[in-house]
Amino acid sequence: MRHSLHRLTVVVLVAAFLALAVGQYAAARWWYGSTVDAAEHNDALGRARLAGRMLAEQRENLRRAAREEAVWDDAYRYMQGANPKFFDDIWNADFFINLPIDMVAFVAPDGHVVAQRALDPATKKLGLPPTDLALALAPGGSISSRVATAEFGTGLALIGGTIYAFGTSPILPSSGAGTPAGEAYLFRAIGKPFQSQMSELAGARASLNVIADPPIGSSTEIRIDDSDKEILGIRFLGGHLGAGRSAEVELLSPRPVHAGALRAARALLASTLVAGIILGLLAFLVFSRRLLEPLHAMAKRLVAIGRTGDPSARLPTPKHADEIGIVANAANQMLAELEEAKRNADSARDAALAASRIKSEFLARMSHEIRTPMNGVLGMTELLGRSELSARQRRFSDTIHRSALALLEIINDILDFSKIEAKRLELAPINADLGSLVEESLELLSPRAHARGLELIVEIRTRVPPVVTLDPVRLGQVLNNLVGNAVKFTERGEVIVSVDARALSDSTTELEFTVTDTGIGIEPASLARIFEPFGQADASTTRRFGGTGLGLAIARQLVELMGGKLTVASTPGKGSTFRFTVQAGAPPQPPAPARPPLLRGLSILIVDDNRALRDVLGRYLGAAGARVFGVGSSGAELKAVATELAGVMLDFAIVDSRLGAPHGRGIGDVLATDPAFKGVRIIAMTAAADASSESDSSSSIAVAGYLTKPIRRSLLFAMLGRLAGRGPELDTGSFLASFGLSAAAERLQLHVLVVEDNQVNQAVAVGMLEALGCYVELAAHGGEALERLVAGGIDVVLMDCQMPVMDGIEATERIRAGEAQRHGARIPIVGVSAHALAGAREECLRAGMSDFVAKPFTMAELARALRRHVRRRAPAADAAPPARSSPV
């Protein structure tokens, strides 16, 4: 601290005196610049004019000499071929020296050089000029000052790398009359001797330089460069050399006055600095003794207090009763208060940490404790609903199941909100089939939508890549929340979900999701708070529809966590549109093989009262090459489309199985009996809950297949391609299950080891697996599972994560370690946990599990997890299911 203040004081004093000195220097420099520089500039202009005049006189002398030598009768006859000895007799070395010139050339009217000579300035002997002289004198050459008849010219030229001044004159008889016999050119090099004469005349070192594209516009413009303190640069054009080049005259003139002024300014600066140093030292000594020393002592004590963290220490009080003493006393009082505040803060911190730890432990424990019995309630009611019940019993069972689902939704919202608030929610991006993810999410909500008489429609736009990298669980959670809300608040009409994409870069894609409903809408005053926790449009919404008010707040935070934004637009009484974007990775896709559209040439009729559904299916089928017709269920519409189809062979009719028609017959019966639709194959669209009953109906018409709403694009194409003989052969069981024809048609026939300590959950798992056609064995903890796996024969393990003796995480790690040592096949392990707060899914996958299912789970979720990682196998006909390890 002491040294810092000392340095600061020195810096301040030095800066002050430097500012004073620099100010004086700048003022002096400005005064000198306004007087001396102006005088130097005027002198420079005079020097430039002298040098320019000398160069002009040189060119004028050459012009006169050329005129005198060109108007001779002998020269004229020589050019006509009448006096062949003229040039050799006249143009000797003495003649060159006396003129004085360095080169001469006689040029015929057609531009070729008739005769030329050059004097070597070193040896004083004659020879030939540089080879490029003839090129420069030829028509279109670089010497552009060639003149017309009876005119005189002069200029500069660049010959052989040397700048020459030249004069030219037409060759005429001495009378001056007649047709010119050519032109005479006289050249003198503007070399060192000439430049020395120019330097002596101008009083500055002169030189000529060749420049291209000169910055100076004309020979009368003079440019002065005074950036050098010792030499003044003067430049102007001496003349053009042709081919975009010019000769620049440069004069370098000494600046003795300017240099003297600078020396005087520097002397003033140095004297000011010396005086400043002396005064600064005196000021520093006084300032240090009265201020810096006491501050240093206080700072030293404060550093010690900060290092030890002991606020009970106190600062020394200075001897002088000045401001520093007041500061020291005030600091000591603050230290006393800080000491008391620290004691209180320590107590509060300990209490807060304990409360936070208890809260986290409580949420984790309650998550597990609530979900475990909920798994039993939901699982058993689902199994009960699949058994033979009376209508009254089934109504009671469905009521229990719906109530449990509503309770589970509230629990999930509270736990997810707690995770987000605690900053404990992390994304786990993987490569996922986006279309299947969206369609599967809507399939889970379709029973609820169809129970309310709503159409649930999904459209995957063509720009959406087949595979993207994102967290499918969190994206599915957002979709389930928004679509579930849309279904909840819509009493009639439809809910439409569309997905589009936009490439941001080669590796990043922005996905845009739109959820549109025809529900009750939201008042404008409520839109501002719709995404706030525990907020809904109004109090009556909660009473009428239920809910915690956390769903949209969770959805918005998840969307922002995925790099996107969630917005809403709504009209009361007409519906709402929620739109959100997320950023996803774009894995490199292999180029798709060129193939014709799957449905090219087929004619397909869509019969459904919902226009939005007809439009979406029409876009799907049209993109695949089909010719599509859409119609509602009224007799007039059917008659109109029958007229339109005159002469068209209709291949398929995709019909909503619930539509009615005249005389009480279904639309399918009308299509089957009307001659206009003869030969059409009918595909029925059914709600998920009605799929089995529709497939087993006693209708007199033949239905080629069934599609379960919401319609999945891939399954739509698969069915049409298969029925048209253009699609790949599909596994019968998975095909029937995919189209919802019979849930019992697909039996997994797997040997499953269920590792679970809770007897209720054991019963739920066994009941669901047996309904799926699996053979089941039980283990109460991980240790028993390890012993059972040694015997082999297990296709998949359903592993609970929290168990006594050995939990599922440790058991999985041991199983994987044993497989690595034996180089054995990797057995699928599906993790199961009711612990939803601390990232159970990520922990299970890190331990080596193949998949994860959260309690409570449904039979469909369990079946999907098993199908993702194992293949069905057909046991031998005489095979019997193995005995269970314990009764259920």
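Throughout, residue positions are numbered sequentially from 1 according to the sequence presented. Since we're looking at a predicted model, the values are computed, not measured.
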key: E248/R223 salt bridge by N-O under 4.0 Å criterion   = yes
query = N431 and P587: which non-hydrogen atoms are nearest, and at how many Å?
reply = OD1-CG, 3.5 Å
query = Just wondering, do L252 and I234 contact through their side chains at under 4.5 Å, heavy atoms?
reply = no
query = Hey, are D88 and R117 close enough for a salt bridge, meaning a charged N less than 4.0 Å from a carboxylate O?
reply = yes
query = Is there side-chain contact between H41 and L45, with at least one heavy-atom pair below 4.5 Å?
reply = no
query = How far does CD of Q197 sit from NZ of K192, to the nearest 0.5 angstrom?
reply = 15.0 Å
query = Where do Q116 and L133 land on the side chain to side chain contact (heavy atoms under 4.5 Å, CB included) test, with the steps shown first?
reply = CA-CA 9 Å; Q116 55 182 342; L133 175 61; 3.7 Å; yes
ask   = Any donor-acceptor pair under 3.5 Å linking the side chain of Q195 with the backbone of I190?
value = yes
ask   = So, do Y185 and Y164 sit near enough that their side-chain heavy atoms are less than 4.5 Å apart?
value = no
ask   = Would D74 and R77 pass as an ion pair if we require N to O under 4.0 Å?
value = yes
ask   = Are K124 and D120 within salt-bridge range, i.e. N to O under 4.0 Å?
value = no
message = Pair L119, I97 - check side chain to side chain contact (heavy atoms under 4.5 Å, CB included), show working.
response = CA-CA 8 Å; L119 178 69; I97 295 171; 3.8 Å; yes
remark   = Closest non-hydrogen atoms of P170 and P180, given as atom of the first, atom of the second and distance, are CB-CB, 4.2 Å
key: R64 vs E68, salt bridge (charged side-chain N to carboxylate O under 4.0 Å, His left out): CA-CA, chis, key distance, verdict   = CA-CA 6 Å; R64 293 194 189 99; E68 293 174 359; over 6 Å; no
ask   = Heavy-atom distance under 4.5 Å between the side chains of R502 and T509, does that happen here?
value = no
ask   = Got a donor-acceptor contact below 3.5 angstrom from the T469 side chain to the A584 backbone?
value = no
inquiry  = If you define the side chain from C-beta out and look only at heavy atoms, does anything of D500 sit under 4.5 Å from R463?
reply    = yes
inquiry  = Distance check, rounded to the nearest 0.5 Å: L232 atom CG versus S227 atom OG?
reply    = 9.0 Å
request  = Taking the side chain as every heavy atom from C-beta outward, state whether V249 and L55 have any atom pair closer than 4.5 Å.
outcome  = yes
Test item: D471 side-chain N/O and P429 main-chain N/O as donor-acceptor pair under 3.5 Å = no
ask   = Relative to the ring of F87, is the ring of F106 parallel (under 30°), tilted (30 to 60°) or perpendicular (over 60°)?
value = perpendicular
task = Please check if atom CG in N42 has more than 12 non-hydrogen atoms from other residues, nucleotides or ligands closer than 6.0 Å.
result = yes
task = Might you work through the side chain to side chain contact (heavy atoms under 4.5 Å, CB included) test for V114 and H112, ending with a clear yes or no?
result = CA-CA 6 Å; V114 177; H112 78 273; 3.8 Å; yes
inquiry  = I need the minimum non-hydrogen distance between A247 and I163, along with the two atoms involved.
reply    = CB-CD1, 4.0 Å
message = Please find the pair of heavy atoms, one from L99 and one from E69, that lie closest to each other, and give the distance.
response = CD2-OE2, 4.2 Å
4.5 Å side-chain heavy-atom contact, E560 and R556 = yes
Derivation of the side chain to side chain contact (heavy atoms under 4.5 Å, CB included) call for L186 and M103 = CA-CA 6 Å; L186 274 64; M103 289 190 304; over 6 Å; no
request  = Check P100 against R188 and note the closest heavy-atom contact, atom names and distance.
outcome  = O-CD, 4.0 Å
query = Take atom CD in Q80; do more than 12 heavy atoms of anything else shown fall under 6.0 Å from it?
reply = yes
message = Quick one, F513 and L475 - any side-chain contact, counting heavy atoms below 4.5 Å?
response = yes
